[in-house]
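This report refers to the structure that appears directly beneath it.
Keep in mind it's a predicted model, so treat the numbers as computed, not measured. Residue numbers count from 1 along this sequence.
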Amino acid sequence: MNSGREILHKVKEKVGLGSSEQSAETGKGKSKMSKHVTHGYHTAKGKSAHPMEDFVFAEFRQVDGNELGLFAIFDGHVSQKVPDYLRSNLFDNILMEPDFWNETESAIRRAYHQTDDKILQKSAVLGKGGSTAVTAILINCEKLVVANLGDSRAVLCRNGEAKQLSIDHEPDTERKDIEERGGFVTKFPGDVARVDGQLAVARAFGDKSIKVHLSSEPHVVAELIDDDVEFAILASDGIWHVMNNQEAVDCVKNVKDARAAAVALIDEALKRNSSDDISVIVVRFH
């Protein structure tokens with residue numbers, strides 16, 4: 001006979017909570033164009049006193065006779081309002097760009113800048129906080145276009161090998177540009193490099209009080225999805241603080257269900273004592 005603890009565990013697994021006790025959001029979906037392309041996502045609240053500041057977006061959408069997989073993780077800092085605004089608006093802003101289909105990467109760059117301008121204009125409502133972002137747009141299951149600001153990361157698995165698609169925008173790496181804008185980078189207080197002693201990333205949406213010293217120029221890259229590509233991982237820095245790209249790929253390469261893979265990554269990060277909010281999206285291609 002099952003004990004009460006075992007029954008509770010089975011109920012949690014059935015609704016997608018797995019063993020991540022502090023889960024906030026979980027879900028999955030699949031492409032209508034290809035039955036082999038699926039996605040799953042999972043999140044967990046960190047140990048900080050503030051509310052969960054990670055926001056996830058994941059869906060397949062039919063647009064102009066094409067299918068788009070739209071995936072994003074927004075990791076707020078001193079803010080829930082900015083990442084929530086991004087979740088509601090960024091992809092719509094990208095898709096409204098008139099040359100999205102012909103010049104996708106340029107359209108994404110413009111939409112990122114225009115969205116950042118709107119966030120700054122709405123600072124009276126959204127506050128002075130900000131958010132990092134990593135977005136991925138899968139076009140007709142054939143092409144993946146990734147963009148990012150900050151340290152949320154996108155990693156591709158090709159033939160079992162990890163390939164980082166995004167770039168971590170770190171203050172130390174971009175110190176010269178920050179100083180040329182009149183800002184400074186310091187590790188005081190603490191041991192993490194921060195812009196003006198406040199922000200641990202060099203690029204972000206929002207952050208009106210130090211925006212003049214930050215960049216909102218996204219890194220954008222496109223990758224063709226061929227038969228060698230197995231899956232992609234999008235995750236906030238709560239994963240990358242405790243494991244490298246290959247460790248993350250190895251953790252889930254044999255987990256066929258995309259949502260179960262996202263849960264497994266978070267469980268492993270928690271075992272490694274990650275204390276930050278964590279959000280993960282896994283997109284499986286084959």
Side-chain angles (χ1 to χ4, degrees), residues 25 27 29 31-33 37 39 41 54-76 79 81-123 125-126 130-156 164-169 201 203-207 211 214-225 232-236 279 281-283 285:
E25 289 187 82
S31 163
K32 292 183 179 179
M33 178 170 287
V37 180
H39 79 260
Y41 61 89
D54 279 12
F55 287 76
V56 173
F57 188 100
E59 70 175 41
F60 287 98
R61 185 183 297 181
Q62 306 302 311
V63 181
D64 297 336
N66 296 276
E67 182 182 76
L68 297 178
L70 305 174
F71 310 105
I73 289 173
F74 306 110
D75 183 357
S79 176
K81 292 182 177 180
V82 173
D84 192 27
Y85 177 86
L86 288 166
R87 178 169 65 173
S88 299
N89 293 278
L90 181 57
F91 280 123
D92 287 340
N93 292 344
I94 291 172
L95 297 180
M96 285 191 295
E97 285 290 321
D99 58 353
F100 170 78
W101 297 106
N102 296 320
E103 298 180 12
T104 305
E105 294 170 49
S106 297
I108 290 173
R109 289 189 179 92
R110 281 194 299 276
Y112 262 62
H113 284 295
Q114 291 167 4
T115 302
D116 189 47
D117 289 342
K118 291 177 182 178
I119 289 171
L120 298 176
Q121 292 166 11
K122 294 177 178 290
S123 61
V125 175
L126 298 178
S131 179
T132 69
V134 59
T135 61
I137 301 178
L138 179 62
I139 303 175
N140 292 327
C141 297
E142 296 175 345
K143 180 180 178 181
L144 189 69
V145 186
V146 170
N148 81 292
L149 291 175
D151 55 4
S152 291
R153 190 180 298 175
V155 173
L156 197 72
Q164 185 170 327
L165 299 181
S166 57
I167 288 181
D168 294 348
H169 296 130
V201 291
R203 305 189 192 191
F205 285 105
D207 295 295
K211 188 79 234 186
L214 297 176
S215 171
S216 58
E217 175 67 26
H219 173 260
V220 185
V221 65
E223 188 84 12
L224 293 179
I225 304 303
I233 299 169
L234 276 68
S236 57
S279 294
I281 301 170
V282 175
V283 184
F285 300 108

Between the main-chain N or O of G206 and the side-chain N or O of D116, is there a donor-acceptor pair closer than 3.5 Å? yes
Which label fits F71 and F60: parallel for a plane angle under 30°, tilted from 30 to 60°, or perpendicular past 60°? perpendicular
Heavy-atom nearest pair, D207 first then S131, reads OD2-N, 4.3 Å
Taking side chain as C-beta onward, heavy atoms only, is Y85 less than 4.5 Å from K122? yes
Once you round to the nearest 0.5 Å, how far does CD1 of I108 lie from CG of L95? 9.0 Å
Using every non-hydrogen atom in the two residues, find where G150 and T132 come nearest and quote the distance to one decimal. CA-CG2, 3.9 Å
First locate atom CG of N148, then atom CG of L165, and finally report the distance between them rounded to the nearest 0.5 Å. 9.5 Å
Side chains of W101 and N66: does their closest heavy-atom pair fall under 4.5 Å? yes
For S216 against A204, the heavy-atom pair lying closest together: CB-O, 4.0 Å
Looking at CZ of R110 and CZ of F100, how far apart are the two atoms once the value is rounded to the nearest 0.5 Å? 11.5 Å
So which atom in S215 and which in L149 form the shortest heavy-atom distance, rounded to 0.1 Å? O-CD2, 4.5 Å
With sequence neighbours excluded, tell me which residues meet side chain to side chain donor-acceptor pair (under 3.5 Å) with S79. none
Taking the side chain as everything from C-beta on, heavy atoms only, tell me whether T135 gets closer than 4.5 Å to Y112. yes
Side-chain touch R153/V134, heavy atoms, less than 4.5 angstrom: no
Closer than 3.5 angstrom, by distance alone: can the side chain of S279 be matched with the main-chain N or O of S236 as a donor-acceptor pair? no
Any chance you could measure H113, atom NE2, to N93, atom CG, to the nearest 0.5 Å? 13.5 Å
For the CG atom of L90 and the OG1 atom of T115, what is their distance to the nearest 0.5 Å? 5.0 Å
When you look at K81 and D84, which way does the salt bridge (charged side-chain N to carboxylate O under 4.0 Å, His left out) test go after all the steps? CA-CA 5 Å; K81 292 182 177 180; D84 192 27; over 6 Å; no
Looking only at non-hydrogen atoms, find the nearest pair between E223 and L156 and report the distance. CG-CD2, 3.6 Å
Does the pair E103 and E97 meet the rule for a side-chain contact (heavy atoms from CB on, under 4.5 Å), with working shown? CA-CA 10 Å; E103 298 180 12; E97 285 290 321; over 6 Å; no
With distance as the sole test, does Q164 use its side chain to make a donor-acceptor pair with the main-chain N or O of S166 at under 3.5 Å? yes
Checking the side chain of H39 only, and the main-chain atoms of V283 only, is there a donor and an acceptor separated by less than 3.5 Å? no
What's the shortest heavy-atom distance between L234 and I73, and which atoms? O-CD1, 3.2 Å
Are side-chain heavy atoms of V221 and I167 found at a separation under 4.5 Å? no
Is the distance between the ring centroids of F57 and Y41 under 6.0 Å? no
Using side-chain contact (heavy atoms from CB on, under 4.5 Å) as the criterion, list what pairs up with M33, not counting sequence neighbours. S31, E67, N140, C141
Inter-residue atom distance R61.CZ - L138.CG, 0.5 Å rounding: 14.0 Å
Do K143 side-chain atoms and I137 backbone N/O form a donor-acceptor pair below 3.5 Å? no
With no hydrogens and no angle check, is any side-chain donor or acceptor of R203 less than 3.5 Å from a backbone partner on E217? yes
